[in-house]
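None of the values given here were measured: they were computed from a predicted structure.
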Amino acid sequence: MDTELARTFLAVVASGNFISAADRLHVTQSTVSARIHALEQQLGCILFVRNKAGTALTPAGRQFQKHAGTLVRTVEHARHDVGVPRGFRAAITIGGRFGLWENLLLKWLPVMRAAAPDISLRAEIGMEPELMQGLVEGRLDIGVMYTPQSRPGLTVELLFEERLILVATAPADATGADAVRPGEPAHGYVYIDWGPEFYARHSACFPDFIGPALIANIGWLGLQHILENGGSGYFPLRLARPYLADGRLIRIADAPEFSLPAYMIYAAEGRADFLDEALDAIRRSAAAEHAAADAH
C-alpha cells in the first residue's frame, strides 16, 4: 500500500474534513478525495461518511486507523534506521512547543548528548496540530506540548503542571497604550493563547473583559513585547522567574493563577531502549525545573 494514501487518511482524521486535510497536506481537495477513493478501493470498504459537520469515520475506518498509524510509523522508523548519520547507532527526533523548549528541553539536550553520545538528536519546534501529526506519522519520536489529542498507539503522559501567573512591567502612566481597558486584568494586557481550557477559565475569572488589544499564540512573543514596550500578561512562573528576580517584571498581587498541564507523547509499544533513556531524561529535567519554579 502507498503510504501517501495512509498519510492522507490520517490527515483527514486529524483535521475532521477533506478541505482542512488538503490545506495541511498542501494539495487540492480533489487530490485528497482521489486518494481516499483509491484507498477505499484497495481495502474494499468505505472509510468516511461525509456530513454537514465534516467527515465521520465508519466502523471500518476506525479499524483501519490503528493500522494506518502503524504503517506510516514503520516506514518512518525504517527511514530513521537507514538515514542515521554515520558514526551514530540511532537517531531521535523530538518536537515541542516553543515555551517548553525554554528552560526545559534546551536543558535536556546536553544531558542527553552526554548520556548517549552515540545517539543523533533532531530538535523541532511546532504547535500541537503539527506535533500530533508528526507523532501519528512516525516523523517524531517524542512530542512535548500542552493540549495533546489521544491517538491509537500513542501514550500521553503528564509531565508537570505549569503555574500561569499575571506579571507586568511598572505602568508608566494611566493613558494611551498603557491604560487599563474595561475588565482588563492589568495595564497594557497581552492575551496569550494557552489553549481552550485557559480561555474558559480566563473568561470565568474576568467576565467583564471586553477583549484584548493584542493576542499572541506563543508566550515568548508576548513576553518579549511587554519587556520591550511595557504591559502585562499570563506566563508560566518558571519562565517569568528570572525577570521577577531582576525587577524587570512584577507579580500582580491577588490575581488568579491558572494551571496548564504539560504532556509528553510517545509510542505506546515497540520503543527501543535508547528512546526510554531519552524519556527518563526528560522526566528528570521536568521534575528539576518544576521544583525550581515552585521554590520561587
Side-chain angles (χ1 to χ4, degrees), residues 3-29 31-33 35-36 39 47-48 50-51 53-57 61-62 64-66 68-73 75-77 92-102 104-105 122-159 162 164 191-202 215-222 236 260-268 282:
T3 55
E4 197 64 44
L5 301 184
R7 289 181 188 275
T8 302
F9 169 84
L10 293 171
V12 174
V13 172
S15 57
N17 58 70
F18 283 28
I19 297 175
S20 297
D23 291 340
R24 177 174 294 188
L25 296 171
H26 305 292
V27 298
T28 64
Q29 183 182 351
T31 298
V32 172
S33 297
R35 289 177 181 175
I36 296 301
L39 182 59
L47 299 173
F48 293 103
R50 298 200 200 194
N51 51 47
T55 58
L57 283 169
R62 285 193 291 273
F64 179 67
Q65 184 178 359
K66 57 185 178 182
T70 300
L71 171 65
V72 173
R73 284 196 297 272
V75 172
E76 289 297 333
H77 287 158
I92 295 174
T93 300
I94 179 170
R97 280 283 298 249
F98 193 105
L100 289 166
W101 277 104
E102 284 190 281
L104 177 59
L105 295 179
R122 178 183 175 89
E124 299 185 3
I125 291 174
M127 301 296 281
E128 278 78 2
E130 54 261 43
L131 293 174
M132 287 303 305
Q133 190 68 21
L135 288 161
V136 168
E137 294 180 354
R139 292 183 290 102
L140 291 180
D141 298 299
I142 305 170
V144 183
M145 66 194 78
Y146 290 124
T147 54
Q149 296 177 329
S150 179
R151 291 286 184 269
L154 295 176
T155 294
V156 177
E157 176 183 333
L158 177 66
L159 270 181
E162 296 271 33
L164 297 179
Y191 178 85
I192 309 300
D193 183 5
W194 295 113
E197 291 186 7
F198 172 74
Y199 173 79
R201 294 196 295 267
H202 185 279
I215 302 173
N217 71 335
I218 295 177
W220 177 88
L221 181 60
L260 182 65
Y263 298 91
M264 180 167 64
I265 300 90
Y266 49 89
I282 294 173

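- Scanning both residues, Val72 and Ala6, for their nearest heavy atoms gives CG2-CB, 3.8 Å.
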Side-chain donor-acceptor pairs of residues 151-159 under 3.5 Å, sequence neighbours excluded:
unit_1, atom_1, unit_2, atom_2, d
Arg151, NH2, Gln149, OE1, 2.8
Glu157, OE1, Tyr266, OH, 2.6
Glu157, OE1, Arg283, NE, 3.3
Glu157, OE1, Arg283, NH2, 2.9
Glu157, OE2, Arg283, NE, 2.7

Using the side-chain contact (heavy atoms from CB on, under 4.5 Å) rule, take Leu100 and Tyr263 through it: C-alpha gap first, then chi angles, then the decisive distance, then the call. CA-CA 10 Å; Leu100 289 166; Tyr263 298 91; over 6 Å; no
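- Atom CG of Leu131 and atom CD1 of Ile125 lie 10.0 Å apart (nearest 0.5 Å).
- For Arg50 and Phe18, the positive end sits near the middle of the six-membered ring, less than 6.0 Å away and at most 45° from its axis.
- Checked against side chain to side chain donor-acceptor pair (under 3.5 Å), Arg122 has the following partners two or more places apart in sequence or in another chain: Glu124.
- Partners of Gln133 according to the side chain to side chain donor-acceptor pair (under 3.5 Å) rule, which considers only residues two or more places apart in sequence or in another chain, are Arg24, Glu137.
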Could you list the donor-acceptor pairs under 3.5 angstrom formed by side chains in residues 192-200, with sequence neighbours left out?
unit_1, atom_1, unit_2, atom_2, d
Asp193, OD1, Gly195, N, 3.1
Trp194, NE1, Tyr234, O, 3.0

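- With values rounded to the nearest 0.5 angstrom, Thr31 atom OG1 is found 10.5 Å from Glu4 atom CD.
- For Ile19, the CD1 atom is loosely surrounded, since the number of other residues' heavy atoms within 6.0 Å does not exceed 12.
- We find the CE-CG distance between Met132 and Leu140 to be 10.0 Å, quoted to the nearest 0.5 Å.
- Checked by atom type and distance alone, the side chain of Asp141 pairs as donor or acceptor with a backbone atom of Thr93 at under 3.5 Å.
- Nearest heavy-atom pair, Gly222 versus Ala216, reported as atom, atom and distance to 0.1 Å: N-CB, 4.0 Å.
- Ring orientation note: the planes of Trp220 and Phe98 are tilted relative to one another, at an angle of 30° to 60°.
- In terms of heavy atoms, Ala21 sits closest to Ser15 at N-OG, 3.2 Å.
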Apply the test side-chain contact (heavy atoms from CB on, under 4.5 Å) to residues Arg7 and Arg35: give CA-CA distance (whole Å), side-chain angles for both, the deciding distance (0.1 Å), then the verdict. CA-CA 10 Å; Arg7 289 181 188 275; Arg35 289 177 181 175; over 6 Å; no
I would like to know whether Phe9 and Leu57 meet side-chain contact (heavy atoms from CB on, under 4.5 Å); could you show each step before the answer? CA-CA 10 Å; Phe9 169 84; Leu57 283 169; 3.8 Å; yes
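- To the nearest 0.5 angstrom, Met127 atom CE is 8.0 Å from Thr147 atom OG1.
- Screening residues 126-145 for ring-ring contact (aromatic ring centres under 6.0 Å, His included), with sequence neighbours left out, gives no hits.
- The side-chain heavy atoms of Met145 and Leu135, taken from C-beta on, include a pair separated by under 4.5 Å.
- Remark: Gln65 engages no residue in a side chain to side chain donor-acceptor pair (under 3.5 Å) (not counting sequence neighbours).
- Of all heavy-atom pairs spanning Phe64 and Leu39, the tightest one is CE2-CD2, 3.7 Å.
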Any chance you could lay out the side-chain contact (heavy atoms from CB on, under 4.5 Å) test for Thr8 and Val27, step after step, and finish with the verdict? CA-CA 10 Å; Thr8 302; Val27 298; over 6 Å; no
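- Across all their heavy atoms, Tyr146 and Pro236 have their closest contact at OH-CG, 4.4 Å.
- Side-chain contact between Phe48 and Asn17: absent, with no pair of heavy atoms (C-beta onward) separated by less than 4.5 Å.
- A donor-acceptor contact shorter than 3.5 Å is absent between the side chain of Glu102 and the backbone of Gly99.
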